[in-house]
Amino acid sequence: MRGNMGRLSAALAICANAFAATVSSEFLVASAGDVAIIPGWHLQSVTRVPDNMTALSAPGADISSWYRVGARGTVMAGLIENGVYNETDVFFSDNMESVANPSIFDKPWLYREEFTLNPATGQYFTLKTHGITSKADIYLNGVLVTKSDQQQGSYGGNQYDLTDHVKKGANCLLIRAYPTNYLRDFAMGFVDWNPYPADNGTGVWRHVDLAQTGAVSMSPLRIIHNFAAPKNEPVKVTLRTDLINHESIDHRVVVSGTITGPDGHEVAQFNEAFALTSNGKETVALNVTIPNPAIWWPATWGEQPLYTVQADAIMQEPRKTVSDSSNRRQFGIRHVSSNLNRFNDTEFFVNGERFQVIGAGYGPDIFLRFDVEKVRTMFRYMLDMGLNTVRLEGNQEHPELYDLADQMGLMVLAGWECCDKWEAWEYNHDANGVKWSESDYPIAGAAMLHEAEMMQSHASMLGFLVGSDYWPNNKATEVYLDALKAMDWPNPIIASASKRGYPKALGPSGMKMDGPYDWVPPNYWYNDQQGAAFGFGSELGAGVGTPEMGSLKKFMSDADLDTLWKEPDAKLYHMSRYDSQFYDRSIYNKALFARYGKPASLEDYIIKTQMADYEATRAQFEAYSTQQNASRPATGLIYWMLNGAWPNLHWQLFDYYLSPMGAYYGTKVGARLEHVAYDYENQSVWLINHSLEKKGDRQILVDLIDGNGRKISSEKVKATTNPLSSKVVTSLGAVDQIKDIAFLRLILTDSKTEEVLSRNVYWLSPTIDELDWSESDWFYTPVAKFVDYTKLKELNTATLKASVNVLKTPSGDGLTHAEVVLENQSSSPAVFIRLNAVNALSQQDIAPVYWSDNYVTLWPKEKVRVTVAFPEDIQRSLIEITGRNVKKMSLEIHK
Ligand SMILES: *[C@@H]1O[C@H](CO)[C@@H](O)[C@H](O)[C@H]1NC(C)=O
Ligand SMILES: *[C@@H]1O[C@H](CO)[C@@H](O)[C@H](O)[C@H]1NC(C)=O
Ligand SMILES: *[C@@H]1O[C@H](CO)[C@@H](O)[C@H](O)[C@H]1NC(C)=O
Ligand SMILES: *[C@@H]1O[C@H](CO)[C@@H](O)[C@H](O)[C@H]1NC(C)=O
Ligand SMILES: *[C@@H]1O[C@H](CO)[C@@H](O)[C@H](O)[C@H]1NC(C)=O
Ligand SMILES: *[C@@H]1O[C@H](CO)[C@@H](O)[C@H](O)[C@H]1NC(C)=O
Ligand SMILES: *[C@@H]1O[C@H](CO)[C@@H](O)[C@H](O)[C@H]1NC(C)=O
Ligand SMILES: *[C@@H]1O[C@H](CO)[C@@H](O)[C@H](O)[C@H]1NC(C)=O
Ligand SMILES: CC(=O)N[C@H]1CO[C@H](CO)[C@@H](O)[C@@H]1O
């Protein structure tokens with residue numbers, strides 16, 4: 001992207017013609033109770049316009065050279081939207097490095113919009129911000145409404161009374177957004193996850209709303225209720241709202257509204273009068289009863305019935321008129337709680353049931369672009385993998401994310417960001433944030449108030465972490481707790497995501513942050529140190545998540561790809577940030593080369609990474625599952641991380657282009673609802689039950705074969721599963737008979753229906769990786785002696801027969817469905833078979849794609865059926881089949 005200033009000028013010239021200022025003659029808001037999102041903005045750098053905000057914020061100013069952008073977006077997002085930068089180019093190789101021309105981003109940027117209003121006596125206008133990065137001055141019609149000492153932080157949601165400044169006809173709102181420094185400002189950063197966007201996320205990244213009301217306005221409804229556990233009893237719901245009287249006379253309002261049930265029928269009405277003194281503010285409560293409540297459950301445990309509440313504030317004199325309307329708000333009847341168990345580990349409960357958190361950490365788009373359909377796909381992937389919780393570390397995103405989580409039954413663990421400004425405490429010597437001063441506390445308080453108000457009613461909220469790596473000091477804790485209390489926060493509040501310390505007011509966090517973040521072997525998790533499977537691991541993983549070839553080629557040059565497999569210790573731009581521990585893959589590659597053998601080609605490197613990544617995520621999720629009711633239970637884990645902010649080489653379960661890979665399918669096996677897993681340390685076979693309902697007798701087949709497919713041992717075990725628990729059902733006695741490489745297959749079936757509930761294949765060596773626990777660091781535990789899987793490359797080639805059949809599409813999901821039948825015609829196992837749906841015309845991998853199982857290993861003569869669903873036309877798709885010891889083939893799909 002060198003020479004981007006030239007392109008900036010070129011784009012400016014185009015803008016001049018395309019976007020002459022136009023003002024809609026329709027009113028943005030027309031009557032009391034209306035709220036409108038400012039629908040779009042003209043965007044420009046202060047360096048390219050006359051330095052007179054009074055003039056620029058008057059309607060009719062010349063904006064012919066400005067960019068046109070959507071209702072919310074950072075400066076970089078806006079410039080990409082306008083073609084100044086091309087995302088494909090920016091993400092390719094290390095191009096993004098040279099985009100970072102500081103002269104473009106170290107001065108404020110302006111967001112300007114004109115709209116029409118129709119003010120009248122008794123009508124009040126309020127501007128509502130939801131966070132502007134890093135801080136802003138706001139002008140309306142030449143008047144400075146607020147300054148950047150007030151409007152601060154990515155989550156600073158504030159309200160400004162515009163009534164005295166609005167005009168009949170054209171009005172102009174101008175926002176001057178100041179540059180962002182993550183160490184100084186309360187922004188939304190990326191810590192060490194990836195390089196920073198050139199603008200550090202500066203701009204109007206969230207919507208700005210304009211509201212029109214009568215003399216009395218009301219805040220969004222807050223919802224609390226007395227439901228604790230399913231009991232077939234009516235539920236008492238209390239609705240709370242803050243009423244504000246904008247006039248200096250007393251007023252009486254009636255707050256009146258309805259609650260509709262999941263089926264759309266009204267289940268309750270409310271109607272109550274309140275008196276407000278001159279310019280008074282009053283928090284009021286209304287009680288309603290829901291007689292036969294439908295209970296909301298996380299996706300794996302049940303349905304997600306949602307209630308909708310809507311209310312109006314109605315003035316009584318001189319005649320009944322609506323003064324304000326609350327937005328429709330959805331809520332669920334469910335109860336969430338947490339406590340510390342006797343090991344001081346946090347455990348969560350949902351509707352009274354012990355809820356083992358099986359989650360992953362979310363990363364927003366690097367330019368903070370928010371595509372609700374992309375998030376829906378990501379959440380669908382999470383549920384497909386068996387995950388039940390998403391952690392948002394400092395990236396609370398937008399209200400739509402919580403609506404999706406409510407609808408889909410995914411729990412949300414929100415909270416503030418580690419490091420930088422958010423954790424600039426006197427006792428934090430790990431990060432360089434500018435320490436808090438007196439003026440920072442109200443900024444943080446406003447952010448907490450605003451986010452708590454947004455999240456309060458959402459059924460999906462599991463808790464809020466007021467700290468991540470470090471706990472807030474006592475004063476900040478008080479500010480946060482006051483804000484949460486003011487917003488009737490009904491969910492757990494946790495001091496931090498680590499056990500370094502805690503404020504008295506909150507007590508210990510009960511969450512460990514002891515790594516790993518980089519590669520550790522599968523047996524690591526079956527131990528009793530560091531991040532192994534006990535307690536609550538708030539962010540941990542073996543640092544895996546290598547994309548497949550189709551994705552790698554989109555963002556890596558041929559030279560980058562050569563470096564990737566030939567230089568195991570090289571610094572890589574698409575890993576973590578340059579100053580991070582995780583800027584290279586040397587720990588990972590050292591293990592990969594030692595265990596799987598030095599790669600012979602890029603393809604060879606990639607399949608080895610996929611095997612290693614699959615092994616790593618499966619073991620982590622399995623180990624935490626096996627220990628769910630251990631004597632020191634594994635109460636939860638957050639895999640680090642779910643996804644990348646940009647095309648990334650690690651810390652993800654699917655890649656930036658939404659293609660799943662080895663790490664994804666390892667997770668999908670490891671987190672299965674009902675499952676059988678192998679404990680490498682203890683050679684035991686575990687039966688796992690995360691379900692609340694699935695009942696019955698179970699049968700487990702345990703088969704061990706050598707690399708040539710010859711039987712080493714075989715066992716059939718009968719068992720019954722127990723509620724939310726795991727137990728050892730047998731041990732693999734024959735490990736000492738393994739010569740070099742062996743395969744272990746565990747099949748769990750329902751004894752009655754013979755349905756296969758879980759099928760799970762491991763590759764094993766006679767030994768396990770030997771961990772050097774005494775050398776553990778915060779990010780990994782080294783291995784003293786690696787296992788040897790190099791015999792994998794000497795396996796006989798297996799002959800695979802494969803066919804694909806189109807399946808009927810279940811109504812309404814809009815996806816193409818097919819099944820692939822794989823049959824191993826050889827006497828050797830067919831190892832690590834990857835199925836990839838490809839667009840036959842573009843030769844691009846199809847994503848999103850939902851395989852029932854993938855990266856499968858087939859026994860000699862075994863036949864396995866897997867299903868797939870994806871959004872593309874079946875006629876134009878191919879299924880590509882590759883594997884460790886099978887010839888590449890490609891299946892055409894015929895209807
Ligand atoms: C800025 O613009 C206003 C309105 O056009 C004008 O009155 C004022 O003199 C200008 N200020 C400066 C410093 O030019
Ligand atoms: C960005 O560039 C790529 C190729 O470098 C091109 O295929 C694509 O159409 C461009 N995107 C836009 C929005 O111009
Ligand atoms: C972005 O923030 C970092 C500190 O985290 C700072 O060093 C850098 O100068 C900032 N960039 C801009 C364009 O302000
Ligand atoms: C509404 O319910 C709350 C919580 O149960 C209770 O404290 C309050 O007194 C009730 N208010 C009315 C008016 O019944
Ligand atoms: C749990 O934390 C409390 C308070 O810090 C401490 O007194 C107690 O010893 C801890 N218990 C364990 C088992 O660590
Ligand atoms: C976990 O639950 C299983 C099944 O109920 C039981 O056999 C096992 O003993 C439990 N584990 C512990 C440590 O209590
Ligand atoms: C190893 O397995 C035995 C049962 O075979 C069990 O009692 C023991 O707790 C297991 N150890 C670990 C660390 O899981
Ligand atoms: C799994 O646990 C649930 C309770 O949590 C229990 O009702 C069910 O019977 C168990 N599954 C099996 C197969 O036993
Ligand atoms: C069902 C099937 O096709 N089985 C074949 C598996 O492979 C062996 C060895 O190549 C054949 O003999 C079987 O016919």
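We use all heavy atoms of the structure for the numbers below, so side chains are in, but hydrogens, waters and symmetry mates are not. Just so you know, ligand 1 is whichever comes first in the structure, and atom 1 is the first atom listed for that ligand. The first residue of the sequence shown is numbered 1, and numbering continues consecutively from there.
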Legend entry - Other residues, nucleotides, ligands: >12 heavy atoms within 6.0 Å of K475 NZ: yes
Legend entry - For atom 13 (C) of ligand 6, closest protein heavy-atom neighbour: N629 O, 3.2 Å
Inset, instruction - Could you tell me whether W778 and Y517 have their ring centroids closer than 6.0 angstrom? - result: yes
Inset, instruction - Could you tell me which atoms of ligand 6, counted from 1 in the order shown, lie closer than 4.0 angstrom to a heavy atom of S726? - result: 1 (C), 2 (O), 3 (C)
Legend entry - Atom indices of ligand 6, in the order listed, that fall short of 4.0 Å to a heavy atom of A630: 13 (C)
Inset, instruction - Ignoring hydrogens, tell whether any protein atom lies closer than 4.0 Å to atom 2 (O) of ligand 5; use the non-hydrogen atoms only. - result: yes
Inset, instruction - Pull out every atom of ligand 5 sitting under 4.0 Å from any heavy atom of R342, numbered as shown with elements. - result: 13 (C)
Inset, instruction - From the options W773, Y680, Y624, select the one residue that forms a ring-ring contact (aromatic ring centres under 6.0 Å, His included) with Y524. - result: W773
Legend entry - Per-atom contact, atom 9 (O) of ligand 5, protein heavy atoms, under 4.0 angstrom: no
Legend entry - Residue among E674, E754, E755 satisfying salt bridge (charged side-chain N to carboxylate O under 4.0 Å, His left out) with R698: E674
Inset, instruction - Check ligand 6 against S631 and write out every atom of the ligand that is under 4.0 Å from a heavy-atom position of the residue. - result: 13 (C)
Inset, instruction - Using ring-ring contact (aromatic ring centres under 6.0 Å, His included) as the criterion, point out the one residue from W301, W297, F349 that pairs with F355. - result: W301
Inset, instruction - Looking only at protein heavy atoms, identify the closest one to atom 11 (N) of ligand 1 and say how far it is in Å. - result: N52 ND2, 2.8 Å
Inset, instruction - Run the contact test for P633 against ligand 6 with a 4.0 Å cut-off on heavy atoms, strictly below, and give the result. - result: no
Legend entry - For A55, atoms of ligand 1 separated by under 4.0 Å from a heavy atom: 2 (O), 5 (O)
Legend entry - Heteroatom proximity flag, T54 to ligand 1, N/O under 3.5 Å: no
Inset, instruction - For atom NZ of K435, decide whether the heavy atoms of other residues, nucleotides or ligands shown that lie under 6.0 angstrom number more than 12. - result: yes
Inset, instruction - List the closest protein heavy-atom neighbour of atom 4 (C) of ligand 5: residue, atom name, distance to the nearest 0.1 Å. - result: Y502 OH, 3.6 Å
Inset, instruction - State the atoms of ligand 5, each with its element, that fall below the 4.0 Å cut-off from a heavy-atom position in N344. - result: 1 (C), 2 (O), 3 (C), 8 (C), 10 (C), 11 (N), 12 (C), 14 (O)
Inset, instruction - Give a yes or no on whether Q529 atom CD has more than 12 heavy-atom contacts from other residues, nucleotides or ligands under 6.0 Å away. - result: yes
Legend entry - Sole residue of W422, Y427, W416, Y480 in ring-ring contact (aromatic ring centres under 6.0 Å, His included) with W471: Y427
Inset, instruction - State whether the number of non-hydrogen atoms from other residues, nucleotides or ligands found under 6.0 Å of E478 atom CD is greater than 12. - result: no
